[in-house]
Amino acid sequence: MNKKINIFPNVCILLGILSGILVIYHIFVNNPDNDMWWMMSTGRYILENKTFPKINPFIIHKDFNIIIEQPLLAILNYRIFSLFGVNGLRCLSGLFYIIDGILIYVWVGNYSNDKITKYFSLIIYTWIILLYINTRPTIISLGIMLIELIILNKVQNNYKKKYLLFWLLLLSIIEINIHSALWWMLFIIMFPYIMPNIFSKNVIPQFIKNIKLYCPIMIGMFLAGFINPYGINNILFLFKSMNNTKLFQNILEMQNPTIIHPLGTVIVACIIIFVIYLYNNIKEENINITTIYMTLGLLLLSIMYYRNFYVLIIAILPIFCSFSPKRAINVSRIEGVFINIIYIIVIGCILSEFKNISFNIKTPEYINILNQYDKDDIYLYNNFNEGGLLEWYGYKVYIDARPELFQKVINGKEDIADEYYDISTNSLNKNAIEDFINKYQFNFLLTDSYNTLYTYLACNNNYEIIFTDNEAYTLFKLKTNN
């Protein structure tokens, strides 16, 4: 008979090592991403001009209104990058990850004091947050929400600590200037604390008590939100930007999750865990109704868009803490060796990917080619994703990766987002493409290879290819000798 051994301690250690390696890998891979370039360009503009622009200075379109959702973060990113380069951004994103991890550890302590449970909560947090370990607003907004939840839990557990609610005014001011679109989340996660326990005999008195406690501070938080460079326009930015532009069809984070996508599978798994939790606990007298409200609401948010995936951290960790983690995994020695070998192979495969990481930022070749010409003479068409990088190098762009700013409801002029969707998705015929080019008098066009625009330009003797990588991008130039 084979003697069984407990590999649970080894599993904990290997999961920790694997998670740490994944964090380091994503710190390098995620920083900087396409959005960082337009964000740093914005921060540079604010500091150099000592003003927050009201008219978009980064684009070829005239007199387009602009609302900067994240002015504080734009300034911070530009300052860090200008002082320490890309590795400064990577260190900053790592710092945000650590701070959020500490807040997670404190927050889950409200649901469990078991160290193993807290440890696995950090593992779950790490695996969900991997896509967000950069210096974009989401990871910072998550930290602000966690601070709010910690305060709300303290007040809920001890009414005498209601003075802590005044800190939410400061959080409101910070969040509206870090990411106005997520500012409303500060209010959303308060509603589970306001709603009474529907299984309680004192529903109405409890509801009235909660309203008296939380509604005044919510009003104060709303008024504090006006402390931003764009006032009411920043507060309403989320609702205005929800206009159903066709361009959103091409942006993954704006799509509804599907079960065939890994992120969609994780969401489904979380929903199943929640259903099991409800089945096991719904009849318990001491059930935490706030947790049920919170998890249900955030799960609904997570299935709306891929970009809401991060809310699973807040949605699922309180539920996870209700399950007692298994303290022993007993296997035979041969099975234990086999499992350890699998872990080592997985870790080795991830480590092998580090050789593909670019530790320094190189200027793209198409930028080097454009730099050979006078910027004042360039009328450039560009793709959605490359707009921010072109802005960083001082070029005015046709579009950048802020689709909201290219909707008429925001810019007050024209729906460029829909126009770009048509030109980039093979929706236009030859005459329409010619009209589009003539409208803007483009003499340089940076386009995806092998779409209708590319085919039109490649077959047109008036244009020459001055750069191509044969896979992603081709840069065309209007010939001047015709």
Practice task
Sorted by first residue and then second, give each side-chain hydrogen bond (donor to acceptor under 3.5 Å, both in side chains) pair with at least one member in residues 54-64; sequence neighbours left out.
Solution key: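 Counting only pairs at least two positions apart or across chains, no side-chain hydrogen bond (donor to acceptor under 3.5 Å, both in side chains) contact touches residues 54-64.
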Table please: side-chain donor-acceptor pairs of residues 175-182 below 3.5 Å, with sequence neighbours left out.
residue: Glu175; atom: OE1; partner: Ser141; partner atom: OG; Å: 3.2
residue: Glu175; atom: OE2; partner: Ser141; partner atom: OG; Å: 2.7
residue: Asn177; atom: ND2; partner: Ile173; partner atom: O; Å: 2.8
residue: Asn177; atom: ND2; partner: Ile227; partner atom: O; Å: 3.0
residue: His179; atom: NE2; partner: Glu69; partner atom: OE1; Å: 3.4
residue: Ser180; atom: OG; partner: Asn234; partner atom: OD1; Å: 2.9

Can you sort out the partners of [X] under side chain to side chain donor-acceptor pair (under 3.5 Å), two or more places apart, ordered by chain and number?
X      : result
Tyr230 : none
Asp422 : Lys246
Trp392 : none
Tyr78  : none

For [X], all residues meeting salt bridge (Lys or Arg N to Asp or Glu O under 4.0 Å), sequence neighbours excluded:
X      : value
Asp35  : Arg136
Lys160 : none
Glu434 : none

Problem - Centroid-centroid distance, Tyr111 to Phe320, less than 6.0 Å - result: no
Practice task
Could you tell me if the ring centre of Trp184 sits under 6.0 Å from that of Phe239?
Solution key: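 Yes, close enough.
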Problem - Lys/Arg N to Asp/Glu carboxylate O, Glu148 vs Lys154, below 4.0 Å - result: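 Lys154 and Glu148: not salt-bridged.
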Exercise for the section: Provide the full list of salt bridge (Lys or Arg N to Asp or Glu O under 4.0 Å) pairs with a residue in residues 366-384, sequence neighbours left out, each pair given once. Expected result: none
Exercise for the section: Kindly assign one of parallel, tilted or perpendicular to the pair Tyr277 and Phe274, based on the angle between their ring planes and the thresholds 30° and 60°. Expected result: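 The arrangement is parallel - the two ring planes meet at less than 30°.
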Exercise for the section: Evaluate the ring planes of Phe467 and Tyr366, with Trp represented by its six-membered ring, and classify them as parallel (under 30°), tilted (30 to 60°) or perpendicular (over 60°). Expected result: tilted
Practice task
List for me each residue that meets side-chain contact (heavy atoms from CB on, under 4.5 Å) alongside Phe191, sequence neighbours excluded, and say none if there are none.
Solution key: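 Ile194, Met218.
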Handout entry: Pairwise side-chain contact, Glu386 with Trp37, heavy-atom cut-off 4.5 Å (strictly under)
Key = no
Can you give the donor-acceptor pairs under 3.5 Å from side chains of residues 393-401 to other protein atoms, not counting sequence neighbours?
residue: Tyr393; atom: OH; partner: Thr363; partner atom: OG1; Å: 3.0
residue: Tyr395; atom: OH; partner: Leu370; partner atom: O; Å: 3.2
residue: Tyr395; atom: OH; partner: Asn371; partner atom: N; Å: 3.1
residue: Tyr395; atom: OH; partner: Asn371; partner atom: OD1; Å: 2.5
residue: Lys396; atom: NZ; partner: Pro57; partner atom: O; Å: 2.6
residue: Tyr398; atom: OH; partner: Glu419; partner atom: OE1; Å: 2.7
residue: Asp400; atom: OD1; partner: Arg402; partner atom: N; Å: 3.0
residue: Asp400; atom: OD2; partner: Arg402; partner atom: NE; Å: 3.4
residue: Asp400; atom: OD2; partner: Arg402; partner atom: NH2; Å: 3.0

